[in-house]
Number of protein chains: 2
Amino acid sequence: MAADATDAVFSPVVAPTTFEETVERLGTAIRSGVLSPGRRLPAERDLAEQLRISRSTLRQALTALAESGHLVAQRGRGGGTFVAERPPLAADPEGGLPDDWRERIAVRRAFEVGTACLAAEAAAADPDAAAPGIAALREQIVAMEAAAEFDAYRRADVALHVGLAELTGIRRLVLQATEHQAAATELIARIPHPWAVLAHSNAEHRRLVAAVERGDVAAAVRTVRRHLAGTQHVLAGLAPGRAGT
Amino acid sequence: MAADATDAVFSPVVAPTTFEETVERLGTAIRSGVLSPGRRLPAERDLAEQLRISRSTLRQALTALAESGHLVAQRGRGGGTFVAERPPLAADPEGGLPDDWRERIAVRRAFEVGTACLAAEAAAADPDAAAPGIAALREQIVAMEAAAEFDAYRRADVALHVGLAELTGIRRLVLQATEHQAAATELIARIPHPWAVLAHSNAEHRRLVAAVERGDVAAAVRTVRRHLAGTQHVLAGLAPGRAGT
DNA sequence: GGGTAAAGGTACGCCACTCACACCTTCGGG
DNA sequence: CCCGAAGGTGTGAGTGGCGTACCTTTACCC
């Protein structure tokens, strides 16, 4: 097992550029549905200011996202940059799982468990403040039940998990949640989704929301754990032999 | 509550440089004790290769760490770069908590809960493989009981939590664990630590390790949760009014 | 005692990225 | 019909990271 602490310390250092970070940020937000189709982004000059980057760099990112079908730009007065009507769901739908998929899914699991824990705590600490957020979660569950195709289902699924992070009130967790969800979508898109599985999954969603609502941390954690374990096992079944690094 | 998902998406983009990332990586490893005092780092040329960065950039980082008292360099054959005998525990012990301390401590809690969950699962899945790791955790607990001063206690504490992450076998979690621990140390260093509290804390450690050993996920999560809630409350008591952003 | 190898220390030029700034183009509304 | 708000374009400076070659120190070995 190569998880020794010193090995980890000496593992490669990555330094993403501003351009890459921006594409990642906006791209995941769009793919995960946090920025919904047709939505208008702030004007470039404003957005650059909000993101604390120069307009030049922002435009590089916007151009890249436009070329990859995430965004559509319209010139002239009343124009702007809009999220495409049918943005790509996953960044790279080429065959084969990335070889570190085990790590990714495990990190995501750890993250979700922790988030669910904090969300349940927040709901227990201030039920009134959490109520609207929880109602929003319920709406997503309804949307999932009504979903006629997998894309719609998955979008609501993502919204639910991101909404859970919102309950914690921690901005950083919300950001990470969208990233994890977008990453998870890319993996999940490659496995079959029989309706029976989706129905079962949604039953777990209901249980999760109920647990959060009554502030039952243990139940929330348990439910999330089982919920994600299913995904992990299905992926493991699809993995070519063992794909560990 | 400023944790709305779209707000998070449009929050500032940060792009750390390779230099900064490297200082962060090595600095946290040293401060958290993962790289222990007196330890020799790989030769610059080798280390640069391992970290996948140029030697020039690596040297910038090493120089900065040497100036801040983390490292000591010795020239000549048989020389090398060594971790200082008494490296600084915290990066910036200036007065006052950083204003986003609530976020930090919350993110850390979420992380630890998730990690404990995965660690307990790993132990349950393959008890024999996890046994040596768990024995190492017990050693840290013994070290904490024997600790005569807070520094020694804290180092063992960090080692315990990092060791927990190692049990999961996920390199990324180990890396994040050292970062969270180093960050936590900076906060914890500012609060008083009566021996009674430390003893109580260690009792929780024992319970945590026991829960992990028998693969009891629920108990592990519950224990970690309580364990960290204590820290959070003490910090909240020290916070100047409300330090929210 | 001198050579040699292994380590850190120094210098320099190239390239990619980021930024600020100025300007052009489109197009709806007053 | 013109103005203003939006995206689109171009340029030059500054900075950071990289590669490469070379220098200096020092322990060990013959």
Side-chain angles (χ1 to χ4, degrees), chain A residues 10-27 30 35 37-85 87, chain B residues 10-27 30 35 37-85 87:
Chain A
F10 296 140
S11 61
V13 166
V14 288
T17 65
T18 306
F19 164 72
E20 288 166 341
E21 281 289 306
T22 309
V23 171
E24 170 86 5
R25 172 80 69 83
L26 297 178
I30 293 169
L35 295 180
R39 164 158 188 160
R40 184 189 155 166
L41 266 53
E44 290 181 355
R45 292 168 175 85
D46 297 338
L47 185 53
E49 193 176 356
Q50 288 182 42
L51 299 180
R52 307 281 194 100
I53 63 179
S54 75
R55 198 184 156 214
S56 324
T57 306
L58 172 62
R59 292 207 81 256
Q60 287 183 37
L62 294 180
T63 302
L65 289 168
E67 283 178 355
S68 60
H70 291 79
L71 294 174
V72 176
Q74 273 183 331
R75 300 175 61 150
R77 173 156 183 168
T81 309
F82 301 83
V83 176
E85 284 305 326
Chain B
F10 296 140
S11 63
V13 166
V14 288
T17 65
T18 305
F19 164 72
E20 290 165 340
E21 281 289 305
T22 308
V23 171
E24 170 86 5
R25 173 79 70 81
L26 297 179
I30 293 169
L35 294 179
R39 163 153 190 165
R40 185 191 154 165
L41 266 54
E44 290 181 355
R45 292 168 175 84
D46 297 338
L47 185 52
E49 193 175 356
Q50 288 182 44
L51 299 180
R52 307 281 194 100
I53 63 178
S54 75
R55 198 186 154 212
S56 324
T57 307
L58 172 61
R59 290 205 82 258
Q60 287 182 37
L62 294 180
T63 303
L65 289 168
E67 283 178 354
S68 60
H70 290 78
L71 294 174
V72 176
Q74 273 183 329
R75 301 175 59 148
R77 173 156 181 167
T81 308
F82 301 84
V83 176
E85 285 305 326

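Proteins get letters first, then strands, A, B, ... in listed order; numbering begins at 1 in each. Heavy atoms only: backbone and side chains are in, while hydrogens, waters and symmetry mates are out. Since we're looking at a predicted model, the values are computed, not measured.
- Using a 4.0 Å heavy-atom criterion, one finds that G78(A) contacts no nucleic acid atom at all.
- A donor-acceptor contact under 3.5 Å links the side chain of R75(A) to the base of dT25(C).
- Counting to the nearest Å, the C1' atom of dG17(D) and the CG atom of L51(B) are 14 Å from each other.
- Contact annotation: the side chain of V72(A) never approaches that of T81(A) to less than 4.5 Å [non-hydrogen atoms, C-beta and beyond].
- Checking the phosphate oxygens (OP1, OP2) of dG9(C), a side-chain nitrogen or oxygen of R59(B) falls inside 4.0 Å.
- Ranked by how close their nearest DNA chain D nucleotide is to the 5' end, Q60(B) and R77(B) are led by Q60(B).
- At a threshold of 4.5 Å between non-hydrogen side-chain atoms, the residues Q50(B) and P42(B) count as touching.
- We find that CD of E49(A) is positioned 13 Å from P of dA6(D), with the value rounded to whole Å.
- By the 4.5 Å heavy-atom criterion applied to side chains, L41(B) and L71(B) are counted as neighbours.
- Rounded to whole Å, the distance from CZ on R52(A) to P on dA20(C) is 12 Å.
- Taking 3.5 Å as the limit, the base of dA20(C) and the side chain of S56(A) contain a donor-acceptor pair of atoms between them.
- A donor-acceptor pair is defined here as one N or O able to donate and one able to accept, closer than 3.5 Å; no such pair exists between the side chain of R39(A) and the backbone of I30(A).
- The distance from the CZ atom of R25(B) to the CD atom of E21(B) is 7.5 Å, given to the nearest 0.5 Å.
- Under 4.0 angstrom from either OP1 or OP2 of dT18(C) there lies no side-chain N or O belonging to S54(A).
- By the 4.5 Å heavy-atom criterion applied to side chains, D46(B) and F10(A) are not counted as neighbours.
- Within residues 41-48 of chain A, the residues that place at least one heavy atom under 4.0 Å from DNA chain C are, in residue-number order, R45(A).
- Using a 4.0 Å cutoff on non-hydrogen atoms, the parts of residues 14-26 of chain A near DNA chain C are T17(A), T18(A), F19(A), ordered by number.
- The nearest whole Å value for the distance from the CG atom in L71(A) to the P atom in dG7(D) is 11 Å.
- No more than 12 heavy-atom neighbours from other residues, nucleotides or ligands sit within 6.0 angstrom of CD on E49(A).
- Spacing between atom CZ of R55(A) and atom P of dC21(C) amounts to 13 Å, rounded to whole angstrom units.
- For CZ of R40(A), the number of neighbouring non-hydrogen atoms (other residues, nucleotides, ligands) closer than 6.0 Å is greater than 12.
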Checklist entry - Can L26(B) and L62(B) be said to form a side chain to side chain contact (heavy atoms under 4.5 Å, CB included), step by step? => result CA-CA 9 Å; L26(B) 297 179; L62(B) 294 180; 4.1 Å; yes
